[in-house]
Structure formats: structure tokens, C-alpha cells
Amino acid sequence: MAYWLMKSEPDEFGIDDLALKKCERWDGVRNYQARNFMREMQEGDFIFMYHSSCKTVGISGVMTVARAGYPDPSAEDPSSAYFDKKQPSENRWTAVDVAFEERFAKVLTLEKIKQLAVNDPRLSDLMLLSRSRLSVMPISHEQWQCLMEHV
DNA sequence: GCCAACGTTGGC
DNA sequence: GCCAACGTTGGC
């Protein structure tokens with residue numbers, strides 16, 4: 001059992017959208033490190049959904065991995081915004097399916113997480129705070145518990 | 001909308 | 001294989 005965090009822009013697809021749809025493909029990731037983490041995901045793993053580039057930035061809820069990594073169909077689809085123009089034939093990219101688990105009553109904001117990290121050594125190596133542009137990252141069990149205590 | 005951070009591309 | 005140019009992410 002592993003824990004992860006994935007970023008999404010809620011104007012595109014947020015926790016409310018997932019709550020309605022229950023299950024959705026998570027595609028369009030075009031960064032190697034993020035992709036490699038997605039390839040490690042196992043069915044049943046827990047994922048924080050993180051809302052970025054929006055009014056209230058932070059963790060908005062919990063998802064689970066419904067289907068482990070598989071070739072991302074959007075990379076081969078010329079009509080997709082995520083079409084891989086360089087190498088459409090050798091699908092380099094990975095998608096997973098995610099299932100809705102929980103929507104937090106209040107977003108656990110980035111601001112709050114930064115505050116918590118000042119005093120709680122469990123959060124000292126949270127990748128969210130050190131790797132600003134990484135959109136998929138692992139979360140340790142300790143970090144997960146610590147963050148859940150403040151939801 | 002600005003801009004810092006940083007990943008990717010491509011010339012050499 | 002270096003590194004400058006370029007493009008994208010994401011907080012503010």
C-alpha cells in the first residue's frame with residue numbers, strides 16, 4: 001500500500017468533478033519523473049488530489065487507484081490536446097484510473113501545509129514543498145497521517 | 001498577468 | 001555531453 005499526491009487544475013478537473021463521475025482516467029501527464037511514479041502505482045493505493053493554479057490552492061480530497069498504469073491513449077490520439085507529436089507510435093506515456101474516495105469539507109491549503117512543516121519534522125521532506133513543478137509524487141505513510149490529522 | 005523555478009530541446 | 005534558449009508550471 002502506497003500513498004501519492006497528484007496535482008490538477010480544478011477549473012479543468014477537480015474533486016467535485018471526480019465526486020460526480022466516481023471514476024476517471026488520469027491522463028495527459030507529460031513529465032518523465034511524474035510518469036515514472038505513476039508506473040509504480042498499484043490498485044488500491046491512496047492519492048491526495050491537489051488543486052493548483054486556482055483560488056484555493058491545496059489538498060481537496062482523497063482518491064484511490066482503480067486501475068494501475070497503462071499506455072495513455074491520449075498520447076496516440078491526434079485530436080487530443082495531449083497528443084504526442086514526437087513519438088505517437090511508441091506510446092511513452094502512462095495513464096491510471098482513479099476513483100473518488102473523499103472530498104474534504106475544507107481544502108487543506110498549501111499555506112497551512114507550509115505552516116505545519118515549520119514545526120513538524122514529519123513534513124520536512126515533503127516533495128510538494130521542495131519540488132514546485134512536480135505534478136505526481138509519493139507521500140510517506142507518516143506524511144499522509146500527519147496531513148490527515150489537519151483536515 | 002507576472003515571474004521564478006526548472007524540465008526539455010537542440011546546436012555545437 | 002555541455003549549455004543557452006525556450007517552454008511550461010504554478011504561486012502569488
Side-chain angles (χ1 to χ4, degrees), chain A residues 2-21 24-41 45-65 68-98 100-140 142-144 146-151:
Chain A
Y3 300 88
W4 310 94
L5 179 146
M6 297 177 98
K7 294 180 180 175
S8 182
E9 299 188 10
D11 293 342
E12 298 285 324
F13 187 81
I15 195 71
D16 291 329
D17 300 295
L18 186 61
L20 279 174
K21 299 201 71 171
E24 180 76 322
R25 172 179 294 151
W26 199 282
D27 60 9
V29 171
R30 295 293 179 267
N31 168 282
Y32 286 111
Q33 194 177 8
R35 181 204 67 181
N36 292 344
F37 285 135
M38 287 172 79
R39 289 181 173 177
E40 294 178 33
M41 291 181 179
D45 284 358
F46 288 99
I47 312 169
F48 282 134
M49 181 186 282
Y50 178 91
H51 286 176
S52 66
S53 301
C54 60
K55 188 155 169 277
T56 309
V57 167
I59 299 169
S60 59
V62 176
M63 318 181 271
T64 56
V65 177
Y70 57 95
D72 180 349
S74 70
E76 303 171 41
D77 175 3
S79 70
S80 168
Y82 301 118
F83 179 59
D84 186 353
K85 295 186 193 76
K86 284 249 161 74
Q87 298 172 3
S89 53
E90 80 177 75
N91 196 330
R92 299 180 281 168
W93 303 111
T94 297
V96 298
D97 291 353
V98 297
F100 176 75
E101 186 72 21
E102 179 184 0
R103 179 192 188 280
F104 296 158
K106 265 181 62 183
V107 170
L108 179 57
T109 63
L110 176 62
E111 187 186 14
K112 177 75 174 175
I113 295 168
K114 284 178 177 171
Q115 282 175 20
L116 295 171
V118 172
N119 294 316
D120 196 325
R122 291 180 294 175
L123 298 180
S124 61
D125 56 356
L126 198 63
M127 289 182 86
L128 182 68
L129 302 180
S130 57
R131 299 288 316 283
S132 63
R133 294 180 50 195
L134 187 62
S135 63
V136 179
M137 67 194 74
I139 299 282
S140 73
E142 276 196 323
Q143 290 168 346
W144 182 276
C146 177
L147 292 167
M148 287 297 278
E149 284 167 14
H150 297 279
V151 169

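These values consider heavy atoms only, across backbone and side chains, with no hydrogens, waters or symmetry-generated copies. Just so it is clear: chains get the letters A, B, ... in the order the sequence lines come, proteins before strands, and each one is counted from 1.
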**Asked** Taking the six-membered ring for Trp, are the ring centroids of W93(A) and Y32(A) within less than 6.0 Å of each other?
**Response** yes
**Asked** With sugar-phosphate meaning primed atoms plus P, OP1 and OP2, does K55(A) contact a base, only sugar-phosphate, or nothing at under 4.0 Å between heavy atoms?
**Response** nothing
**All ring-ring contact (aromatic ring centres under 6.0 Å, His included) counterparts of Y50(A), not counting sequence neighbours** = none
**Item:** Distance test, side-chain N/O of K114(A) to OP1/OP2 of dC12(C), below 4.0 Å
**Value:** yes
**Request:** Would you mind reading off the distance between R92(A) atom CZ and dG7(B) atom P, rounded to a whole angstrom?
**Result:** 17 Å
**Request:** Identify whether any heavy atom of S53(A) sits under 4.0 Å from a base atom; if not, whether one sits that close to sugar-phosphate; answer base, sugar-phosphate or nothing.
**Result:** base
**Asked** What is the distance from CE of M137(A) to P of dT9(C), rounded to the nearest Å?
**Response** 14 Å
**Request:** Please state how far atom CD in E9(A) lies from atom C1' in dT9(C), giving the value in whole angstrom units.
**Result:** 8 Å
**Request:** Calculate the interatomic distance between Q33(A) atom CD and dT9(C) atom C1'; express it in whole Å.
**Result:** 14 Å
**Asked** Under 4.0 Å between a side-chain N or O of K7(A) and OP1 or OP2 of dT9(C)?
**Response** no
**Request:** Taking only the side-chain nitrogens and oxygens of Y32(A), find out if one of them lies under 4.0 Å from OP1 or OP2 of dT9(B).
**Result:** no
**Request:** May I ask you to list the residues of residues 123-131 of chain A, by number, that have any heavy atom positioned under 4.0 Å from an atom of DNA chain B?
**Result:** S130(A), R131(A)
**Length of the line joining L5(A):CG and dT9(C):P, which is rounded to integer Å** = 17 Å
**Item:** Separation of atom NZ in K85(A) from atom C1' in dT8(B), rounded to whole Å
**Value:** 14 Å
**Message:** Just the rounded figure in Å: distance from P of dA5(B) to CG of N31(A).
**Reply:** 18 Å
